[in-house]
Amino acid sequence: MIKAVRGFKDILPGETEKWVYLEGLARRFFNAYGFREIRTPILEKTELFARSIGEATDIVEKEMYTFLDRNKESVTLRPEATAGICRAVIEHGLYAKAKVLKLFTMGPMFRHERPQKGRLRQFHQFNAEVFGSHAPGTDAEVIALAMDILQAGGAKDLRLEINSLGCPECRPAFRENLRQFLRKNADKLCEDCKRRTERNPLRALDCKKETCQAVYENAPLIEEFWCEECRKHFAKVLEELGLLGLEFVKNPRLVRGLDYYVRTTFEIKAQGLGAQDTVAAGGRYDGLLKALGGPDIPGVGFAIGVERFLLVADLPANLEPRLDLFVAALGEEAKKQVLPLVRSLRNKSISVDLDHEGRSLKAQLKVANRLKARYALILGENELKEGVALLRDMETGEQESISLSELEKELIKRLS
RNA sequence: GUGACCGUAGCUCAGGUGGUCAGAGCGCCGGGUUGUGGCCCCGGAGGUCGUGGGUUCAAAUCCCACCGGUCACCCCA
């Protein structure tokens with residue numbers, strides 16, 4: 001048997017209804033916050049991700065689905081959405097259309113990692129990106145949007161963690177200082193952190209090993225290095241979050257895995273997700289557009305992991321579709337009578353199904369029951385003779401006789 | 001890439017120390033109701049016991065390898 005590729009999952013009926021529900025929910029909020037939808041390709045030139053995410057990140061080094069196209073050009077299945085959106089914004093000059101450009105997208109991302117709870121190789125995100133605003137209020141607005149979507153989906157016990165990574169003005173000094181600290185304490189660190197010391201010292205702070213965390217109790221803090229601008233920016237973001245009524249926890253060790261973040265970074269964590277407890281994450285990426293060859297326009301955004309969202313969402317129980325009407329036509333003649341009616345009702349958005357296998361009435365009603373039909377319409381020889389059809393209420397079992405000439409009108413009245 | 005655990009019908013799972021152990025529940029199909037679903041009763045279909053090798057008189061059961069799944073590490077949504 002041919003099975004789906006590891007880490008790639010079918011989303012089956014029963015699940016798809018939940019997806020559609022959450023997508024609709026997210027769309028309503030994106031709309032309410034003034035975001036327009038953009039859809040970019042799933043495949044991009046590899047260079048785009050290498051330049052935006054960062055050459056030395058795990059994503060680029062070992063997690064991308066990269067291959068040579070037939071013309072020998074290296075292409076990659078997008079591991080995240082921001083890079084592609086930035087590319088499109090630059091390519092089409094979208095930044096010229098409005099001072100502040102608000103975009104959202106939803107769709108699959110691909111990362112070649114070992115699957116586990118809340119982690120697939122093809123996974124899905126809801127993404128929001130704002131271009132053209134340096135204002136801290138925009139950071140807060142974007143965070144509020146993410147929180148609103150998650151809360152509307154019934155996610156409980158959300159924990160918003162926030163930090164500022166500084167900017168190109170102040171971060172290098174911190175990075176160097178931290179590196180010195182790590183070198184001094186190298187003998188107490190795990191192998192991973194020793195490696196991070198030279199490659200990406202900030203990431204060491206994120207290490208989950210208690211022995212390392214014990215060392216980092218005394219590590220230098222980024223806030224001690226923030227420049228005046230970064231300090232003011234962060235304070236203002238927090239103030240606006242407070243005004244929006246959002247609780248947060250400052251986490252000076254919060255470091256993201258993508259190089260393009262500056263200043264504000266945040267993660268929204270939830271209970272019940274196992275080891276991968278971040279449902280949403282994002283931050284500010286002011287230099288990214290310029291780095292990709294565009295104008296020097298700032299950006300802020302976030303991604304919600306849809307699979308993880310589903311794990312913590314509290315959804316309505318009645319998402320599975322119900323059939324309005326099941327038509328049980330007994331015999332060829334009855335079926336001929338009923339086909340035009342079925343089509344007509346369907347064209348009025350009334351959901352109707354019928355049996356094409358010529359099965360017994362009993363079997364047909366059984367199907368009607370399984371499809372959770374509200375009504376069944378029974379038309380057999382007896383009814384044909386009398387020029388009527390029987391409308392059976394599948395809840396109560398009550399049946400009434402309706403003349404064929406009135407049938408369509410009656411059904412529309414009851415079912416629309 | 002590393003580790004732990006797991007792999008029996010469509011689904012959820014039983015099957016002490018190898019010898020009617022190929023089963024149950026749910027689902028599906030049919031019958032009980034010559035034209036009436038849901039509840040109940042009866043019957044039926046459906047399985048290379050993940051794959052391949054080995055030990056043995058005998059393996060779903062023990063051993064090895066491989067494949068697949070789950071969770072965790074790394075990292076991240």
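In the text below, chain A, chain B and the rest are named by the order of the sequence lines, each starting its count at 1.
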Would you say R263(A)'s side chain and L165(A)'s backbone share a donor-acceptor pair under 3.5 angstrom?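 No; judged by distance alone, with no hydrogens or angles, the pair does not exist.
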Counting side-chain heavy atoms from CB outward, which of [options] is closest to [X]?
X	options	result
I378(A)	A72(B), G35(B), C76(B)	G35(B)
L390(A)	C74(B), A72(B), U36(B)	U36(B)
L330(A)	A77(B), G35(B), G69(B)	G35(B)
K9(A)	C73(B), U70(B), G35(B)	U70(B)
R392(A)	G38(B), A77(B), G35(B)	G38(B)
R119(A)	A77(B), G3(B), U36(B)	A77(B)
Q276(A)	C73(B), G30(B), A77(B)	C73(B)
K117(A)	A72(B), G68(B), C74(B)	A72(B)
K362(A)	G37(B), U70(B), A72(B)	G37(B)

Cationic N near anionic O, under 4.0 Å, [X] to [Y]:
X	Y	value
D355(A)	K335(A)	no
E113(A)	R121(A)	no
E63(A)	R119(A)	no
E44(A)	R87(A)	yes
E383(A)	K385(A)	no

Is there a salt bridge (charged side-chain N to carboxylate O under 4.0 Å, His left out) between R322(A) and E320(A) once you walk through the steps? CA-CA 7 Å; R322(A) 283 192 69 175; E320(A) 306 229 353; over 6 Å; no
Run the numbers on L319(A) and V20(A) for side-chain contact (heavy atoms from CB on, under 4.5 Å), then give the verdict. CA-CA 10 Å; L319(A) 291 178; V20(A) 169; over 6 Å; no
Considering every strand and a 4.0 Å limit on heavy-atom distances, what is the contact class for L150(A): base, sugar-phosphate, or nothing? nothing
Within the 4.0 Å heavy-atom criterion, would you say R6(A) contacts the bases, only the backbone, or no part of the nucleic acid? sugar-phosphate
List in numerical order all residues of residues 27-50 of chain A for which some heavy atom is under 4.0 Å away from an atom belonging to RNA chain B. none
Give me the residues of residues 363-373 of chain A where at least one heavy atom lies under 4.0 Å from an atom of RNA chain B, by number, or none.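 Going residue by residue through residues 363-373 of chain A, the ones with a heavy atom under 4.0 Å of RNA chain B turn out to be L365(A), K366(A), N369(A), R370(A).
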Evaluate whether atom CZ of R39(A) has more than 12 neighbouring non-hydrogen atoms of other residues, nucleotides or ligands under 6.0 angstrom away. no
Taking C11(B) as the reference, what is the distance to G47(B) when you measure between their C1' atoms (whole Å, please)? 14 Å
Only Watson-Crick and G-U wobble pairs with both distances less than 3.5 Å should count. Give RNA chain B in dot-bracket notation, marking inter-strand partners with |. (((((((..((((.....[...)))).(((((.......))))).....(((((..]....))))))))))))....
